[in-house]
K.L.:
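Sharing a structure here in structure tokens format.
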Amino acid sequence: MKKLVLIDGHSILNRAFYGVPELSNSQGLHTNAVYGFLNIMFKILDEEAADYIAVAFDLSAPTFRHKAYAEYKGTRKSMPDELREQVPLIKDVLSSMNIPILTKEGYEADDIIGTIAKRYQSDDVFVSIISGDRDLLQLSDKHIKIRIPKTSKGVTTVHDYLPEDVVSEYGVTPKEFIDVKALMGDTSDNVPGVPSIGEKTATKIIQEYHSIENAIEHVSELKPPRASKALSENIEEAKFSKMLVTIVTDAPIDTDISDMAVGNLYTKESLEWINKLEFKSFLKRYENIEAAASIELDISDITDLNDWNTLYEKLKSAKEFGIAICLEESVIKSYTVSELYAISITLDNRTYLIKDIVEIDDILEQIICLDAKKYILSLKPLIKQVKDMKLAKSFYDLSVAAYLINPLKDSYFVEDIARDYMGSSVSSKSEIIGKSKLGEVLRFNDEKAKKYFASESHVALFASDSLIKKLNELELTKLYEDVEMPLIYSLAKMENTGVRVDEKRLKSYADTLLEKISKLEASITDKAGESFNINSPKQLGEILFGKLKLSGGKKTKTGYSTAADVLEKLAPEHEIIRDILEYRQLTKLNSTYATGLAGYIRDDGRIHGTFNQTITATGRISSTDPNLQNIPVRTEMGSKIRDIFVPKEGYVFVDADYSQIELRVLASMSGDEKLIESYHMATDIHAATAAKVFHVPLDEVTPELRRNAKAVNFGVVYGISAFGLSEDLSISRKEALDYINNYFKIYEGVKKFLDKQVADAKEKGYVKTMFGRIRPIPEIKSSNFMTRSFGDRVAMNSPIQGSAADIMKIAMIKVDEALNKSGYDADIVLQIHDELLVEVREDEADKVKELVEKSMREAVSLKVPLEVDAHIGKTWLEAK
DNA sequence: CGAATCACG
DNA sequence: ACGTACGTGATTCGG
């Protein structure tokens with residue numbers, strides 16, 4: 001017996017949309033409905049071993065049956081955008097699986113399904129109809145089963161309805177089910193039905209008379225009398241309703257069952273879709289065909305110098321090749337020390353694995369000097385292994401390229417690049433080796449590990465064309481070649497240099513903290529009357545709001561909020577609050593900074609952090625292991641930690657930071673004459689804003705007014721909203737709105753500029769910085785107010801924050817160049833977004849200070865001057 | 001592993 | 001009516 005599966009497309013997609021929690025791929029495409037649909041479909045196919053399959057969809061045009069028209073007017077129009085955008089998506093996916101999509105002008109999906117099901121059901125063909133719509137139960141028949149999937153708590157169960165199941169659940173046959181529905185009506189489908197007859201009465205009537213027509217014949221005998229009266233007065237409505245509810249089973253559908261034969265679902269095209277949508281859990285279904293879609297690797301081992309020399313000769317005349325390195329990593333305390341263990345090179349169609357050679361470092365030195373274009377997924381780790389990075393040339397870092405093309409992705413690993421730019425799949429590192437280290441596994445000559453490693457250089461070579469072409473299309477080539485690529489070398493150098501930390505001072509700082517902490521702990525325990533974990537917001541909340549009955553209600557999903565700003569307001573109510581705030585501050589300083597940083601100090605007495613170039617959405621760099629961009633400074637006790645950052649003996653720090661770079665960027669990008677004028681007059685910009693916005697002479701601006709103006713300036717940079725500003729200044733929304741309106745009245749150019757960013761984002765889906773860096777904003781098209789508003793603010797903020805980041809990147813490259821060229825003994829050791837910390841030999845400090853200031857100031861030329869503050873000091877705190 | 005908190009620009 | 005300021009990373013708790 002053959003099996004035919006018919007799926008009600010919109011119905012299942014709809015179910016899936018509401019049944020699966022929000023889900024989107026890294027491009028910001030919503031995918032939850034498609035995911036849920038495929039989940040249900042795969043589950044059914046696994047169970048049924050279908051021979052034939054088709055999916056029916058409604059067309060959006062009105063059909064003969066009124067119900068479809070209602071649906072078109074009602075349901076379809078209110079379909080959320082997040083669902084609407086997934087309709088073409090599921091159709092594409094189904095097509096890629098060779099699953100026919102059935103539609104028919106003037107008919108609904110129901111009618112198509114009804115027609116096909118009734119036409120082909122037989123002793124030889126059993127039909128399963130998959131739908132979330134119970135109206136289809138009327139189609140249930142000897143050889144037709146209606147299957148209704150239900151998803152709750154992530155588990156999908158399917159309810160099956162053969163005719164006897166319909167009878168036992170509804171008390172009527174599938175055919176009679178039509179009449180019951182018609183009598184009771186259905187508001188959601190605009191079926192009028194007969195007023196005052198509900199499910200109970202309708203079922204009773206049909207059980208007795210079997211059809212509306214027969215019931216009408218005997219209308220005077222109907223019980224209860226209420227129903228009799230209702231039906232006799234609504235005969236036309238009843239007949240009309242029946243027509244609406246009845247699914248057409250003889251529509252002119254010319255698709256033949258042979259067109260629906262199940263072929264290969266797991267095609268290369270469908271795998272590409274699954275990869276694009278990032279449905280990792282479906283990937284195992286593709287294992288059989290992985291060979292077709294995954295890359296082919298031809299691997300040779302290079303394990304002695306002879307073999308290497310042969311390869312080296314080939315590389316000398318090569319035009320291009322892909323390269324990857326494998327580091328052997330050992331973890332000491334919080335940090336990792338890496339040594340070069342293996343190199344993978346893909347030349348033409350062959351990949352060479354160079355490993356277990358003692359001269360591997362020398363080999364790398366030879367490689368970096370070659371003329372060929374060298375493609376690599378991540379250059380910085382390689383460059384960090386090289387003695388003289390100035391010798392390196394012709395490298396292309398492809399994760400940085402992919403980051404410029406779409407900075408919103410959360411990773412740019414080999415599997416991401418292969419999926420996005422080659423349309424093929426490779427296994428990820430964790431899939432191959434789990435948590436072990438590649439160097440260790442490779443040492444055992446593990447075949448899979450070798451394949452993974454080889455895939456890195458292979459993908460680098462074969463994805464390069466597509467990436468570089470895409471950079472060009474998006475006009476990102478200049479930013480890539482002139483800023484991001486050179487920056488890699490500056491960052492590599494900065495990481496290798498590291499920053500010195502005075503371990504002794506750190507220790508005594510920690511001791512001071514611990515002493516104060518234990519005193520506070522005792523005081524808090526005393527005041528609370530019991531000991532508890534102060535670090536647990538849950539326990540703290542119970543003590544404060546439960547036991548001590550302080551005012552303030554629930555704020556978070558999990559209970560009371562005990563955030564600092566909430567506690568601040570409670571300070572007058574109880575002495576304990578001050579202690580808790582101070583305790584919080586000091587334990588933070590201790591755990592994250594005092595204890596935290598200590599674990600990162602290496603044998604050379606320095607901390608070598610990592611500066612990431614492919615993390616932020618705006619183009620800033622980020623800092624990890626440890627984060628050196630959030631070292632305290634705003635509080636007295638916190639800023640003391642900066643005293644432990646010191647230069648080596650005989651050296652000093654030069655600290656240089658841009659003054660209000662974001663506002664200057666805004667002035668320049670918007671071209672606002674008033675704002676530009678303020679900067680040319682070199683006035684205090686916040687005071688100048690205050691004078692203009694609050695209509696007072698400059699010399700009458702009070703600190704209060706200046707503070708408010710400063711908040712407005714910040715607000716503008718963040719993507720202004722009255723709510724945010726009112727929160728920040730503790731004023732009413734109305735007052736905040738007045739400030740904003742005043743601001744925009746004065747700075748019309750700024751208003752125009754910000755509006756244009758939002759408009760551009762809505763039109764193109766992204767905004768750009770001064771230097772062409774792209775920030776996609778998928779949120780801006782959302783139907784959700786909150787999400788969309790966020791998109792608006794991001795559209796205003798990103799060009800500003802991003803341009804400032806571009807400028808700093810350019811400045812770093814220029815500072816590096818200037819230091820190199822001048823021959824001064826100085827190195828950049830930290831970058832904190834608008835600030836550079838440079839370590840310089842004492843006698844050259846003044847000269848280097850001037851040089852750094854000048855390089856930063858002249859990094860780019862804006863419509864307003866860039867101003868740089870620089871200071872010399874024996875510690876970071878002193879130099880700031 | 002997510003939420004809450006808090007450090008920075 | 002909705003309910004937020006923009007961008008990050010580390011630590012801690014608790015399910």
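We name chains A, B, ... by the order of the sequence lines, and we start the count at 1 in each one. In this text the structure is predicted, and so the values were computed from the model without any measurement.
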K.L.:
Would you say a side-chain N or O of A/Asn533 is under 4.0 Å from OP1 or OP2 of C/dC13?
P.N.:
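A/Asn533 to C/dC13 OP1/OP2: side-chain N or O found under 4.0 Å.
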
K.L.:
In whole angstrom, what separates A/Asn590's CG from C/dT11's C1'?
P.N.:
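After rounding, the gap between these two atoms is 11 Å.
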
K.L.:
In this structure, which one of A/Arg602, A/Arg606, A/Lys384 forms a salt bridge (charged side-chain N to carboxylate O under 4.0 Å, His left out) with A/Glu495?
P.N.:
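Considering A/Arg602, A/Arg606, A/Lys384, a salt bridge (charged side-chain N to carboxylate O under 4.0 Å, His left out) with A/Glu495 is found only for A/Lys384.
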
K.L.:
How long is the line joining CD of A/Gln831 and P of C/dT8, in whole Å?
P.N.:
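So the two atoms are 14 Å apart, to the nearest Å.
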
K.L.:
Report yes if a side-chain nitrogen or oxygen of A/Arg620 is closer than 4.0 Å to either non-bridging phosphate oxygen (OP1 or OP2) of C/dG7; otherwise report no.
P.N.:
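A/Arg620 to C/dG7 OP1/OP2: no side-chain N or O under 4.0 Å.
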
K.L.:
Report yes or no: is there a donor-acceptor pair, N or O only, under 3.5 Å between the side chain of A/Arg793 and the base of C/dG7?
P.N.:
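Result: no qualifying N/O pair found.
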
K.L.:
Counting any heavy atom closer than 4.0 Å, what does A/Ala805 reach on the DNA or RNA strands: base, sugar-phosphate only, or nothing?
P.N.:
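Nothing, no heavy atom under 4.0 Å.
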
K.L.:
Please evaluate the base of B/dC6 for a donor-acceptor partner in the side chain of A/Lys588 within a cut-off of under 3.5 Å?
P.N.:
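Present.
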
K.L.:
Taking only the P atom of each, what is the distance from B/dT5 to C/dC2 in whole angstrom?
P.N.:
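Those two atoms are separated by 23 Å.
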
K.L.:
Can you tell me the distance, in whole Å, between the CZ atom of A/Arg584 and the P atom of C/dC13?
P.N.:
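Between P of C/dC13 and CZ of A/Arg584: 12 Å.
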
K.L.:
Quick check: on DNA chain C, is the nucleotide nearest A/Gln539 upstream (toward 5') of the one nearest A/Phe785, or the reverse? Name the residue that is more 5'.
P.N.:
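The residue mapped nearer the 5' terminus is A/Phe785.
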
K.L.:
Looking at C/dG9, which nucleotide sits across from it as a Watson-Crick or G-U wobble partner, both distances under 3.5 angstrom, or is there none?
P.N.:
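Paired with C/dG9, as far as the under-3.5 Å criterion goes, is B/dC6.
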
K.L.:
Provide the distance between the two P atoms, one in B/dC6 and one in C/dA5, to the nearest whole Å.
P.N.:
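So the two P atoms sit 15 Å from each other.
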
K.L.:
Considering only NZ, NE, NH1 and NH2 on the basic side and carboxylate oxygens on the acidic side, decide whether A/Glu582 and A/Lys516 come within less than 4.0 Å.
P.N.:
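Not counted as a salt bridge, because no side-chain N and carboxylate O are separated by less than 4.0 Å.
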
K.L.:
Return the value, rounded to whole Å, for the distance between atom CD of A/Gln629 and atom P of B/dC6.
P.N.:
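Interatomic distance, CD of A/Gln629 to P of B/dC6: 21 Å.
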
K.L.:
Is there any protein nitrogen or oxygen under 3.5 Å from a nitrogen or oxygen in nucleotides 1-4 of chain B, and what are the pairs?
P.N.:
from	atom 1	to	atom 2	distance (Å)
B/dA4	OP1	A/Thr558	OG1	3.4

K.L.:
Look at the side-chain N and O atoms of A/Arg634 and state whether any lies under 4.0 Å from the OP1 or OP2 oxygen of B/dC8.
P.N.:
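Indeed, a polar side-chain atom of A/Arg634 lies that close.
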
K.L.:
Mind checking A/Ala804 for me? I need base, sugar-phosphate or nothing, with any heavy atom below 4.0 Å counting as a touch.
P.N.:
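Result for A/Ala804 = nothing.
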
K.L.:
Using a 4.0 Å heavy-atom cut-off, does A/Phe714 contact any base of the nucleic acid, only the sugar-phosphate backbone, or nothing at all?
P.N.:
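Counting heavy atoms under 4.0 Å across all strands, no contact is made by A/Phe714.
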
K.L.:
Kindly say if A/Ser622 contacts the phosphate of C/dG9, meaning a side-chain N or O under 4.0 Å from OP1 or OP2.
P.N.:
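Affirmative; the distance criterion is met.
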
K.L.:
Quick check on side chain to side chain contact (heavy atoms under 4.5 Å, CB included): which of A/Thr875, A/Leu597, A/Asp502 does A/Phe645 satisfy it with?
P.N.:
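Single side chain to side chain contact (heavy atoms under 4.5 Å, CB included) partner of A/Phe645 among A/Thr875, A/Leu597, A/Asp502: A/Leu597.
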
K.L.:
Does a side-chain N or O from A/Ser536 land closer than 4.0 Å to OP1 or OP2 of C/dG14, or not?
P.N.:
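So the side chain of A/Ser536 is within the cut-off, an N or O lying under 4.0 Å from OP1 or OP2 of C/dG14.
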
K.L.:
Taking any heavy-atom pair under 4.0 Å as a contact, classify A/Glu662: base, sugar-phosphate, or nothing.
P.N.:
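Nothing, no heavy atom under 4.0 Å.
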
K.L.:
Please give me the minimum heavy-atom distance between A/Arg857 and A/Val868, naming the atom from each residue.
P.N.:
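So the minimum-distance heavy-atom pair works out to N-CG2, 3.8 Å.
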
K.L.:
When both hydrogen-bonding distances must be under 3.5 Å and the geometry is Watson-Crick or G-U wobble, what is C/dC2 paired with, if anything?
P.N.:
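Partner of C/dC2: none.
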
K.L.:
Starting at CH2 of A/Trp876 and ending at C1' of B/dA7, how long is that distance when rounded to a whole Å?
P.N.:
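From A/Trp876 CH2 to B/dA7 C1': 12 Å.
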
K.L.:
Classify A/Ser623 by what it touches in the nucleic acid, base, sugar-phosphate, or nothing, heavy-atom distance under 4.0 Å.
P.N.:
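Sugar-phosphate: the residue A/Ser623, judged by heavy atoms under 4.0 Å, touches backbone atoms but no base.
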
K.L.:
Step through it carefully: locate the ring centre of A/Tyr600, locate the ring centre of A/Tyr335, and say whether they are under 6.0 Å apart.
P.N.:
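That pair fails the under 6.0 Å test.
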
